[in-house]
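One structure is given here, and the rest of the page talks about it.
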Amino acid sequence: MAFNFNWSPLMADTSAARIMLTTALNKSPKPPIIVDDIIVTELNLGSTPPELEILEVGDLAEDRFRGIFKMSYTGDAFLTLKTRVQANPLNTYLSTKPSFASPQPLAAASGLTIPLQITLSDIRLSGFVILVFSRQKGLTLVFRNDPLESLKVSSTFDSIPFVRDYLQKEIEGQLRVLFMEDLPAILHRLSLRLWSPEYAEMDDERMEQEAKDTTVPIDPLASPPQDAVDAFGNPLDEDQLSAFALDPSSETHASFSQKNLIRLAALTESHHTLSLFTPAMRETVFRAWAGACERSEHSGIATPSLTQSSLSRIQSSFGSNKSTTPSLASSSTGNETASSRPTLQSFNSTQTGIGMGSRTRTTRKKKTRVVNLRKDKTTSEDASSIGTDNSAPPSITISEIASIPEDHEEDLATPPKSPVKTLRYESQHGSLDVGEPAQLLEQPADPTPTAPVLSELSTPKTSRDRSKAKAASPFPSLTPEHPQLGRSTTSKPPQSHIHQVSGSTRMLRSLSLDKIPFQTSVSGSSTSRHPLSPTAYAESSSSGSGGILEQAWMMKMANEIARRVQDEKDKEARGEQRVAAKLDSGMWEAGDVEAPPAYEA
Amino acid sequence: MLGFMDYVQNAFAEATGWNRDNSYGTLNATAQALLDFDTPRGLRLNLSSLAAPTFATSYSIGSVGVVDGSVSYLYSSVPLQTSAKSCDIDLHRVIRGYRHLRELRRPDDDAWWELWHGGKRIDRKKTLLYGRILVPHSTLEALYLRRLSPTRQLRISCVSDSNLNNGGTILGLLQNDHGKYSTEYMYSTDSALMGVRGLYNFGFDPRVEPAIPTGQETTEPIYGRFSAGAELYYGLLNKSGGISTGLRFTTLPHHTGFPYTMTLTLNPLMGNLSSTYAVKAGQNLALCSRFDFNFYSYESDLQVGCELWRRRRNPEVEWAVKKLRPDWDALTPKPDEDVAGVLKARVDQNWKIGLLWEGRVKELLFTLGASLDLKRREQIFRAVGVELQYSS
């Protein structure tokens, strides 16, 4: 599996983006200190693309994606803005005040406009990016840490050290806020506009309202409520949190439009009545069991917490890992996002580190936390990170097993590629019991190479190491991944891994999740030194949906990308506009409490 | 055109013998009146009344996209004898144009203001209270004006608005006018801005009693006045300030030629130099020009404006009027009865034009205004407005 990012068309022509950026910057009312139009004179994305290193692909389906990237950018992009500012502080001060109580100076407030040119260059970015995409919920992109390493701000006032330092500090601070808070919100909104047109309509309406509204838009993802509880007092999961934190009302509206509801009603009716008529729904994936879907999605969203725990484990010493107990994990109630803000150094203690992932879990699920499959993977990951050139899927545990047929697709008789069909398989088999994992795992159309492996894997007593070894042996291409993943080098995984192994079907996964408490109640007591956050568990199990789907999805994505290159370029440019608009206005607003800029389309 | 409440406040200043022109803040009042006039936007109606000599009310309603309005009340402890009916208000007092400065007057003696009755002092300090509420913005403006002594006046103006920082702002202004010089001290709660202004008039000192008349030289009138002033501001909270100095020479009524006014202001911090020249080229025409130059940014600006009083001519009696003796002015009891309107126009180097046509129709005072921008071909008219005033 390889991603092919084409950077050159992005950097080729930025004149359109520059013009759009200029208009966007001048659309909103400017602070009084800026007395002229803001003109973007130069915008160059540079010749060096950012490096993206795929650390983890958690979930991959036609309509959703979840992955963790390590991004670093040391390119030569730069942006030059030109405007004129009012240098007389008395002038700007008086221009915002009512004239009735103004001292009305005679000439002390006369203006002095100075042309100002700001160039942002030498942008160095490095950080972990968590990308969650779901067609319904849009794209969620979160930076795990502060990605901005350094930035060079040069302006007209470089000769004045005080002003230069001030500008440097201000712009850096604004960019940090931009990356951590504004960019995710903007991207999320953009993606919703892109994929659900009804949201776009609603968004347009809301934009107009927001333009009048003077409250600062707060990114709800940035700070979820601490220790949130639901109506019954049960602590909420963070995925639930994020589900309602990001504009829940609009989402429900977007996902359930009147038109779609009628169609869905017709669909269910046709099931009931055995009618042959089924309404056509474009770009829709049918799954028989909505509950299972939800379940897998539910677990899929938990990635941030998962990565948090896994990343935190990078810092944690191996020895101290053993002392971690579920009770410790449950005792930590740290706010996830807040703790993700500071750099990873704050996770030096294992307790918090592992606790992070499983915070706000209900007591009902607490037992699942003891299963730590991924502890060692991440520790070794720290040592040998996955190279980007390595196109082998750096997926986790079961997912490669499930994706084995895909890797050897040319050799093997490939199954029907239609993802829908595969999903149907899933759902059909998903209704089966857990007790027949071998049968379940016949879903890959040519089971001959995989079946023995998988069946072995699926025996309840098989430990993770062995399953990995077995999985690797028939397919040597997988072995390089093994040390990287390194998950089972030291820990003996508990029995409940069977569910991960057999978890290639959604239904089964959901079942296995349900069963975890029973099984891990044994393993939890015996293997308390292998704590695993339930999110990690859920994540790894849900990641098993790969297989042929991945390939098909990738193919489809490639087509889609080709189709939308122009479209997306525009969107990106618009996104940048907003980013810059936000940046700009925020930059000047630091000292001025004007109406905040609304995101404008 | 001056609003009704401003007109009443001017009347108060006149009644209390306060010279508004003897202040650094009004150093270039002529240029401001001829070049910086506001052009109305939309439609605005004012309904005012000086119900009692000490009490005035004014209501206004306007429409610039949204309908807004204001209600204002004014109380003056001094009975204002001036006529406030819009049908017989002197247009020269409501239309700000070229300002003729009067000769300086010797300030009253404190003792002159004292009133004694039965061994007790019964005089009250002259006070003006003014309040105005603007709807629907819920902005409240309030003014407290008090003549502390013949040479001193305290002026406190407040604005309460939820959109402002701290919900409002208060400006306190203490003005001293000694004729020869005047000083002002101010404090604004907004960012703790402190300011001081001063104006000094060279030459004639009105406070000095003229010596015993010894023939011709004492009666020689003063033709002009030269004044210099400066202002200084400093905001304690935002640690920023401003400074400017200014000079003015203006002719006084005794001047035989065209009256003219020249000012030069300089802001040394910002490098801004501004010079104005205004001339009243006849009874009905005043011209003004202003040149701004910034010697830091080399930016310059030129503005030209004029004020033209248009009078109705009655061709049937015109020949007779011409034959009248020049000093025969009993013909028109009201000097501006024949005024059809006053045209004010300004243009600057960027071809931004402001036009104002003011006058009286029946019992209404009207103001028609437009601002144009010839550089923008697609939208030449920037703003057009009509303002109507009726007062009784």
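Quick caveat, the model's predicted, so the values are computed rather than measured. Numbers restart at 1 for each chain; the letters A, B, ... are given by sequence-line order, proteins then strands. Note that these values count all heavy atoms, side chains included, but never hydrogens, waters or copies made by symmetry.
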- Task: Find the one option among A:P115, A:A107, A:P89 whose heavy-atom pairs under 4.5 Å with chain B are most numerous.
- Result: A:A107
- Message: Under a 4.5 Å cutoff for heavy-atom pairs, which residue among A:G111, A:A109, A:A101 has the most contacts with chain B?
- Response: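 It is A:A101.
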Is chain A contacted by the side chain of [X], its backbone, both, or neither, given a heavy-atom distance below 4.5 Å?
X	value
B:S274	neither
B:N294	side chain
B:L193	side chain
B:Y130	side chain
B:R155	neither

Inter-residue atom distance [X].[atom1] - [Y].[atom2], 0.5 Å rounding:
X	Y	atom1	atom2	answer
A:Q104	B:Q32	CD	CD	8.5 Å
A:F100	B:D161	CZ	CG	13.0 Å
B:L269	A:L90	CG	CG	10.0 Å

- May I ask you to check whether over 12 heavy atoms, not counting those of B:R41, lie within 6.0 Å of atom CZ? no
- So, B:N267 side chain and A:A108 main chain: donor-acceptor pair closer than 3.5 Å or not?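 Side chain of B:N267 to backbone of A:A108: a pair is present.
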- Task: Keeping the roles fixed (side chain from B:Y296, backbone from A:T113), state whether a donor-acceptor pair exists under 3.5 Å.
- Result: no
- Between A:K97 and B:T169, is any pair of side-chain heavy atoms under 4.5 Å apart? no
- Item | Most chain A-contacting option - heavy-atom pairs closer than 4.5 Å, from B:E299, B:M186, B:E141 |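 Sorted descending by pairs with chain A, the first entry is B:E141.
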- Message: Walk me through whether B:N272 and A:L112 qualify under side chain to side chain contact (heavy atoms under 4.5 Å, CB included).
- Response: CA-CA 7 Å; B:N272 207 303; A:L112 169 62; over 6 Å; no
- Query: Shortest non-hydrogen contact from A:P103 to B:Y233?
  - Reply: CB-CE2, 4.0 Å
What donor-acceptor contacts under 3.5 angstrom involve side-chain atoms of residues 239-247 of chain B, with partners at least two apart or in another chain?
from   : atom 1 : to     : atom 2 : distance (Å)
B:S240 : OG     : B:N238 : OD1    : 3.2
B:S244 : OG     : B:Y24  : OH     : 3.1
B:S244 : OG     : B:E231 : OE2    : 2.7

